[in-house]
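Notes follow once the structure below has been shown.
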Amino acid sequence: MADAGTIRFLGAAGTVTGSKHLLTLNGQRVLLDCGLFQGLKALRLRNWQPLPFDAAGVGAVVLSHAHLDHCGALPLLVRQGFRGPIYCTPATKELTAIILLDAAHLQEEEAEIANRYGYSKHHPALPLYTTEHAEAALRLLEPRGYGTPFRVTKDVVTVYRRAGHILGAATVELQLDAGTPRRLVFSGDLGRWNRPILRDPELVPEADVVLVESTYGDRVHSTDATDALARVVRDAVRRGGALIIPAFAVGRVQELVWTLRHLEETNAIPTVPVFVDSPMAIEVTDFYCRHTEEHDVDMALLLDAKRNPLRSREHRLVRTATESKALNDRSGPMIIISASGMATGGRVIHHLKARLPDDRTTVLLPGFQAAGTRGRALADGAREVRIHGRSVPVRATVVTLDGFSAHADRDEIVRWLSGFRHPPKRVYVVHGEAQAADSLAATLRARFGWDASVAEDGATVALPS
Ligand code: ZN
């Protein structure tokens with residue numbers, strides 16, 4: 001007798017990071033995403049606890065996309081005994097390799113710095129995982145294209161569709177063959193319509209159960225992101241100092257550069273040097289140019305005209321740490337785009353440490369800043385932040401812009417959900433902080449009369465039969 005199956009929420013439930021949802025059906029287990037927790041310390045500490053299920057008993061992982069909060073715990077899963085395939089789109093496979101190796105490297109480096117300066121409570125401080133662990137996970141990646149169903153376990157078939165969020169990002173449809181045939185649809189991270197570079201999200205026609213993200217479930221993005229960026233750049237140039245933009249290396253850096261190039265060409269901003277200070281962003285930009293199957297019309301036209309849409313006029317790629325440090329000696333207006341996007345690590349930390357105390361500096365936060373991150377503290381108007389165990393005064397002007405978000409806003413999430421031909425039986429709202437998730441669930445109940453609620457962290461729920 002086939003069971004109806006269950007889903008267990010093990011991350012990104014009531015929060016935006018640590019995406020992990022475990023489907024169990026007739027003894028087969030499929031893990032949707034395997035992301036790292038980021039932000040608040042209480043969340044980050046969860047990365048250090050053993051995963052709360054038998055990793056060896058999971059038959060397959062289905063990844064939605066390559067962001068660290070969706071793939072960053074794969075090395076831990078493999079270390080704990082998982083040996084099955086990790087399915088992802090071809091572009092996600094390439095990006096995941098860069099992202100996991102970079103994460104492992106950063107963790108090794110952080111442990112080393114903590115040991116050198118002695119500010120860790122642990123002696124010696126250890127990395128969460130190493131390059132070797134990351135490589136073991138990467139060997140299990142199995143690329144599958146959009147739109148073609150593929151079987152992941154005996155009773156589960158997957159279909160990927162474009163999510164429009166970052167290169168390779170997909171929504172995941174799981175067709176459950178056991179008992180009554182049902183469809184479980186996971187939004188992954190939803191992107192947006194009419195944005196540069198990538199194609200729009202694709203609608204999904206059928207769903208019985210939906211897991212939908214809610215990062216911006218309570219908000220509508222401002223529509224004039226391009227104009228707003230132009231104003232920020234002009235103001236920053238007038239202040240005479242650097243404009244520092246902490247940005248995710250995947251997606252955000254490319255969209256920012258695309259827009260800066262466009263603003264230069266339309267004379268909306270003066271030409272100033274733009275330093276892309278992130279080896280990962282530089283590598284990812286090459287992938288963005290190469291994966292032509294993901295390009296929207298504008299991107300394709302520019303490339304056809306032999307123009308590089310992802311270069312500004314005075315474009316400088318900063319590859320080595322020495323070149324990055326040398327930027328500290330440079331004065332005058334310039335734009336420094338550097339990772340990480342929430343200023344939790346990476347080279348942008350050094351730029352902030354050097355330039356936050358200078359009132360000529362402008363810091364632009366172009367994306368979502370999770371609670372507990374330095375980026376969030378800056379966005380909330382902190383007058384000092386801690387960097388490398390020291391307090392750094394903030395005299396710089398800090399500006400936030402949500403128009404560059406790679407995430408759908410409330411109306412765009414609703415637009416995607418409107419693609420279902422029949423109302424789903426059950427909707428679980430995931431991947432949002434409490435207010436955003438509650439608000440989206442309420443919107444779906446009021447607007448569509450759907451049975452929608454916020455997924456509860458750690459809960460196991462039965463799938464409707
Ligand atoms: Zn994402």
May I ask you to test the [X]-[Y] pair for a side-chain heavy-atom distance under 4.5 Å?
| X | Y | answer |
| --- | --- | --- |
| L63 | Y87 | no |
| I98 | F287 | yes |
| L263 | T226 | yes |
| F9 | L211 | yes |
| V392 | R386 | no |
| I282 | R319 | yes |

Distance alone, cut at 3.5 Å: any donor-acceptor contact between the side chains of [X] and [Y]?
| X | Y | value |
| --- | --- | --- |
| R239 | T362 | yes |
| T92 | T96 | no |
| E202 | T171 | no |
| T215 | H431 | yes |
| S64 | D33 | yes |
| S312 | H315 | yes |

NZ/NE/NH1/NH2 to OD/OE distance under 4.0 Å, [X] and [Y]:
| X | Y | result |
| --- | --- | --- |
| D358 | R355 | no |
| R46 | D457 | yes |
| R199 | E294 | no |
| R376 | E433 | yes |

Can R313 and T271 be said to form a side-chain hydrogen bond (donor to acceptor under 3.5 Å, both in side chains), step by step?
CA-CA 7 Å; R313 278 186 186 140; T271 299; 3.2 Å; yes
Aromatic [Y] / basic [X] pairing, under 6.0 angstrom, 45° off normal:
| X | Y | result |
| --- | --- | --- |
| R261 | W258 | yes |
| R162 | Y146 | yes |
| R445 | W450 | no |

My understanding is that only residues two or more places apart in sequence, or in another chain, count here; which of them pass ring-ring contact (aromatic ring centres under 6.0 Å, His included) with H351?
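Result, ring-ring contact (aromatic ring centres under 6.0 Å, His included) vs H351: none returned.
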Just jot down the ring-ring contact (aromatic ring centres under 6.0 Å, His included) partners of H350, sequence neighbours excluded, or say none.
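For H350, the residues satisfying ring-ring contact (aromatic ring centres under 6.0 Å, His included) (neighbours in sequence not counted) are H388.
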side-chain hydrogen bond (donor to acceptor under 3.5 Å, both in side chains) between Q254 and T285: does it pass, once the steps are laid out?
CA-CA 6 Å; Q254 292 75 29; T285 300; 3.0 Å; yes
Donor-acceptor under 3.5 Å (D189 side chain, E213 main chain)
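No, D189 side chain to E213 backbone: no donor-acceptor pair under 3.5 Å.
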Run R116 and E112 through salt bridge (Lys or Arg N to Asp or Glu O under 4.0 Å) and show every step you take.
CA-CA 6 Å; R116 200 185 324 148; E112 202 239 33; 2.8 Å; yes
Begin with the C-alpha distance, continue with both residues' side-chain angles, and end with the deciding distance and a verdict on salt bridge (Lys or Arg N to Asp or Glu O under 4.0 Å) for E265 and R307.
CA-CA 12 Å; E265 286 178 3; R307 302 251 307 284; 2.9 Å; yes
Is the number of heavy atoms from other residues, nucleotides or ligands within 6.0 Å of CD (E314) greater than 12?
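Counting other residues, nucleotides and ligands, CD of E314 exceeds 12 neighbours.
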Please walk me through it: do Y160 and V62 pass side-chain contact (heavy atoms from CB on, under 4.5 Å)?
CA-CA 10 Å; Y160 279 136; V62 178; 3.5 Å; yes
Apply side-chain hydrogen bond (donor to acceptor under 3.5 Å, both in side chains) to E94 and H291, showing your working.
CA-CA 11 Å; E94 293 191 53; H291 279 274; 2.9 Å; yes
Stepwise side-chain contact (heavy atoms from CB on, under 4.5 Å) check, V212 with I413:
CA-CA 8 Å; V212 64; I413 296 170; 3.7 Å; yes
Derivation of the side-chain contact (heavy atoms from CB on, under 4.5 Å) call for T131 and E135
CA-CA 6 Å; T131 302; E135 283 167 348; 3.7 Å; yes
Under the criterion side-chain contact (heavy atoms from CB on, under 4.5 Å), which of D227, I269, V237, L243 is the partner of V232?
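The residue from D227, I269, V237, L243 that satisfies side-chain contact (heavy atoms from CB on, under 4.5 Å) with V232 turns out to be L243.
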Go through the steps to decide whether L365 and V399 satisfy the test side-chain contact (heavy atoms from CB on, under 4.5 Å), and finish with yes or no.
CA-CA 6 Å; L365 301 165; V399 195; over 6 Å; no
Could you check T259 against H262 for side-chain hydrogen bond (donor to acceptor under 3.5 Å, both in side chains), going step by step and ending with a plain yes or no?
CA-CA 5 Å; T259 310; H262 171 74; over 6 Å; no
Measuring centre to centre across the rings, with the benzene-like ring taken for any Trp, is F368 within less than 6.0 Å of H407?
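Centroid distance F368-H407: not below 6.0 Å, so no.
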